[in-house]
Amino acid sequence: MKRLVYSLMAGVLMSACAGSKMPEDKYDIRVDELLQRMTLEEKIGQMNQLSALESLDAMSEEIRQGRVGSIFNETDPHRINTLQRVAREETRLGIPLLMARDVIHGFRTIAPIPLGQAASFDLEAVEAAARVAAIEASSAGIRWTFSPMIDIARDARWGRIAEGYGEDTYLTSMMGAAVVRGYQTDNLADPTAIAACAKHFAGYGASEGGRDYNSANIPIRQLHDVYLPPFEAAAKAGAATFMTSFNDIDGIPSTANGYLMRSLLHEEWGSDAMVVTDWSSATEMLAHGNCRDTLDVALQTINAGVDMDMVSNAYIRYLPKLMKDGVIPEILINEAVRRILKLKFDLGLFDNPYVDESKLQAYTPEALSATLRIATESAVLLKNDNSLLPLGKEVKSVALIGPLADDTYEQFGTWAFDGEPEHTITPLKAMLSVDGVKVIHDKALTHCRDLKGDGIRQAVQRAKSADVIVCVVGEEAIMSGEAHCLADINLYGKQKELVAELSKTGKPLVTVIMAGRPLTIADEVEKSDALLYMFHPGTMGGQALVDLLFGKAVPSGKLPVTFPRMVGQIPIYYNHKNTGRPAEGNELLINQTPVRAAQTALGCHSYWLDAGYGPLFPFGYGLSYTTFAYSDLKLDKDRMKLENDSIEVSFTLTNTGNVEATEICQLYVRDLVGSVSRPVKELKGFRRVTLKAGESQRVSMKIFVENLQFCGLDYYTYQEPGEFRLWVGCNSDDNRNEATFYVD
Ligand code: BGC
């Protein structure tokens with residue numbers, strides 16, 4: 001049972017009086033020795049992070065002066081070594097620099113955006129993609145990345161939904177931990193390991209209205225049940241660093257939130273992860289209005305337990321004064337510097353500070369094959385009428401239409417600073433190498449935001465001569481990611497018109513959408529015979545698509561986020577509360593409602609008159625080229641004790657179609673009655689199972705009683721006894737196989 005007290009003061013007092021409990025470490029003695037030899041200025045210098053400047057001389061001078069502990073955005077190994085040499089050889093104590101970069105979904109070889117990776121539900125493949133990123137980045141001298149982003153996002157308007165793993169707490173927790181393992185391995189000193197950074201701590205995904213940097217108004221129970229568990233999982237997976245988020249929660253910007261860093265991260269979760277601010281999030285507290293001046297910024301930030309200041313200069317400028325005036329005790333500075341130094345020791349930087357400039361790693365066959373695998377597994381088949389896909393041998397010509405059919409850059413998506421478009425395999429490039437198929441390529445629109453649509457007529461004309469049309473539309477990379485929020489999430493520009501016109505040709509139409517978020521695509525689904533959704537799929541995206549189109553690979557991805565029909569339904573997510581008046585499915589929509597109907601004629605249920613109740617596609621949804629049947633659900637027992645207990649759930653999965661394929665089996669639970677109302681369903685397990693055509697297999701998953709905990713009426717987190725419903729199935733809306741169990 002965990003006590004929950006949401007209080008800024010709790011964190012501050014704890015640290016000032018006692019310091020935080022740090023686990024014993026093999027480097028403790030070396031860190032202490034070094035700390036004792038450091039001047040106050042040298043210590044504060046370690047707590048300062050610079051974004052790279054163009055001038056090596058200017059950066060070198062800062063380093064010589066002992067004013068910098070970490071530099072990010074430097075990617076040239078020679079320059080990195082040059083700077084490191086200054087730190088090692090031209091400063092009094094020779095403390096190496098920590099070189100960082102936003103390596104979010106790949107360094108050179110770009111994997112799908114994290115939201116896409118989540119659709120694979122494949123922890124091994126996601127870990128492998130992170131390993132590729134770490135190998136490539138570390139070969140350039142980068143040893144710290146600002147990833148994974150594990151912000152739960154239930155709002156597709158928010159551009160940064162692209163960077164995380166979707167709306168579900170359990171899936172995001174598993175994904176985040178896998179990424180941490182991929183970056184760090186089990187030995188940070190391995191030269192190919194890079195330190196992970198769990199971000200943004202915390203609640204950033206709840207930015208009000210899906211507008212970036214906005215306040216997050218999260219009830220305390222929801223904060224603990226939904227937004228914080230992925231961070232706890234990352235801490236438990238050993239994430240070496242954490243980053244504070246830009247938003248405030250209930251008036252407290254995270255960078256001043258001692259409860260998060262001190263009470264939770266260090267005390268409760270027992271992690272000694274080093275905490276960095278987000279980009280100038282310290283001085284942004286002036287704009288937030290919770291700090292009077294930059295001195296106050298530095299005070300609130302250090303009190304909250306933030307170890308390193310990213311670019312705002314608040315620490316370097318004002319910590320000396322705060323110390324001199326006796327406002328803060330040196331123990332606060334020491335605990336921060338201790339974490340920074342320890343990380344540098346853990347990464348082996350004192351022993352191996354330099355990178356071998358001749359051994360840059362990129363695009364190795366292993367990297368490309370891991371990236372192709374995750375790109376293939378990330379695609380989600382949303383419609384496939386009359387089994388149009390996979391395209392058969394009878395298809396001799398394909399009209400490949402659309403602004404994203406051959407764009408080497410846009411298919412990377414957001415945060416691909418170091419990706420090189422010349423290495424991208426686009427759909428066109430991949431399709432041109434399919435034997436026996438003539439490709440008619442026409443971009444139709446100059447780019448996704450083309451508002452003129454001058455090329456549509458000709459493209460439609462040309463498409464008419466093909467056996468099948470494949471139309472690739474979506475979002476340019478700039479349309480999602482940080483600060484790239486939208487209030488309208490329909491296909492932009494004339495893309496809707498393009499799909500509509502192509503559908504009128506009568507030719508079989510496959511629509512492929514590459515985007516950074518779920519878009520509202522009800523029209524496109526209706527007008528297309530088949531629809532494949534690829535969250536920006538990265539370097540190998542075109543190859544993955546063509547393998548799927550022609551049946552070399554079979555779609556297995558499932559949506560990591562609910563797709564709304566209309567933007568006005570947002571926030572819409574599967575694990576919502578039931579309300580006192582849940583919809584019953586027979587509600588009248590506005591167009592079915594008689595004129596002058598009496599006020600109460602429609603019943604009084606929780607739904608929208610225009611959009612109805614449900615989403616366009618539920619969380620966990622995704623089709624295959626085969627079908628799967630679930631049967632014979634069994635529990636090894638139907639009662640669990642309140643502590644240290646589990647139930648084994650098993651069922652038979654049968655591939656009832658004609659091709660070998662992978663199903664992502666999902667297990668959901670509902671706590672029927674709690675001291676506070678509980679979600680209608682919560683994902684508690686998943687398995688990827690590959691079966692040959694006609695094959696059956698018994699599949700089992702375990703539910704641990706600890707995974708049923710939640711923040712109760714009294715703000716304690718624990719498991720309450722009671723009756724639970726359980727479902728196994730192919731998505732969050734599949735209610736066909738259910739069972740009941742009890743916790744006593
Ligand atoms: C973003 C972070 C990123 C940082 C450094 C900020 O604007 O919010 O996610 O890691 O910049 O580039």
Side-chain angles (χ1 to χ4, degrees), residues 51-52 72-75 99-119 126 129-134 136-138 140 142 144-151 153 156 158-166 172 175-176 179-180 182-183 194-200 204-205 207 212-213 241 243 245-246 276 278-281 310-311 362 367 371 374-375 378 404 407-421 423-424 448 474-486 514-517 534-541 560-561:
S51 178
F72 70 118
N73 289 337
E74 191 57 77
T75 55
M99 305 304 292
R101 178 72 160 167
D102 286 283
V103 180
I104 307 297
H105 53 115
F107 183 60
R108 299 282 184 222
T109 311
I110 303 297
I113 55 171
L115 188 59
Q117 295 191 35
V126 168
R131 195 83 280 281
V132 168
E136 294 189 353
S138 61
I142 293 156
W144 181 19
T145 176
F146 303 131
S147 165
M149 189 193 98
I150 44 178
D151 296 318
W158 190 50
R160 302 198 82 166
I161 195 171
E163 291 175 57
Y165 300 91
T172 301
M175 289 282 158
V179 173
V180 170
Y183 289 149
I194 60 178
C197 183
K199 72 183 189 188
H200 305 85
Y204 188 31
S207 294
D212 212 1
Y213 314 123
T241 73
M243 182 189 288
S245 62
F246 285 128
V276 65
D278 201 343
W279 182 291
S280 78
S281 68
M310 185 191 283
V311 310
T371 309
I374 186 75
S378 296
L404 295 180
D407 195 310
T408 53
Y409 174 77
E410 305 298 357
Q411 77 181 48
F412 283 163
T414 188
W415 288 111
F417 286 152
D418 305 294
E420 297 164 317
H423 288 271
T424 301
C448 301
E475 293 185 309
E476 292 155 42
I478 193 70
M479 295 172 75
S480 61
E482 184 175 352
H484 304 158
C485 303
L486 291 170
M514 293 183 177
R517 56 162 62 77
M534 301 184 94
F535 296 102
H536 286 130
T539 302
M540 301 302 284
V561 61

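Every heavy atom of this structure was used, including side-chain atoms; hydrogens, water molecules and symmetry mates were not. Small disclaimer: the values here were computed from a predicted structure and weren't measured.
Partners of A196 under the side chain to side chain contact (heavy atoms under 4.5 Å, CB included) rule, at least two apart in sequence or in another chain, are P148, V180, Y183, Q184. Residues meeting the side chain to side chain contact (heavy atoms under 4.5 Å, CB included) test with A362, sequence neighbours left out: R108, E136. With sequence neighbours excluded, the residues satisfying side chain to side chain contact (heavy atoms under 4.5 Å, CB included) with T408 are P421, T424, T426. Residues satisfying the side chain to side chain donor-acceptor pair (under 3.5 Å) criterion with T241, sequence neighbours excluded, are W144. For D212, there are no salt bridge (Lys or Arg N to Asp or Glu O under 4.0 Å) partners at least two apart in sequence or on another chain. For S138, the side chain to side chain contact (heavy atoms under 4.5 Å, CB included) test picks out R143, T192, I194, with sequence neighbours left out.
With rounding to the nearest 0.5 angstrom, the CD1 atom of I104 is 4.5 Å from the CG atom of D102. Taken from CE in M514 to SG in C448, the straight-line distance is 10.0 Å, to the nearest 0.5 Å.
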- Task: Could you walk me through whether H200 and F246 pass the side-chain contact (heavy atoms from CB on, under 4.5 Å) test, one step at a time?
- Result: CA-CA 8 Å; H200 305 85; F246 285 128; 5.6 Å; no
- Message: As a quick check of understanding, evaluate side-chain contact (heavy atoms from CB on, under 4.5 Å) for I478 and H484, giving each step before the final call.
- Response: CA-CA 7 Å; I478 193 70; H484 304 158; 3.6 Å; yes
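Under a 3.5 Å cut-off, the side chain of H105 and the backbone N or O of P114 do not form any donor-acceptor pair. Remark: side-chain polar atoms of H536 are paired, donor with acceptor, to backbone N or O of E475 under 3.5 angstrom. With hydrogens and angles disregarded, no donor-acceptor distance shorter than 3.5 Å links the side chain of R517 to the backbone of L115.
Closest heavy-atom contact between D151 and Y204: OD2-CD2, 3.6 Å. When all heavy atoms are compared, the tightest approach of T414 to G481 is OG1-CA, 3.4 Å.
Contact annotation: the side chain of I161 never approaches that of S480 to less than 4.5 Å [non-hydrogen atoms, C-beta and beyond].
Two rings, from F72 and W279, have their centers less than 6.0 Å apart.
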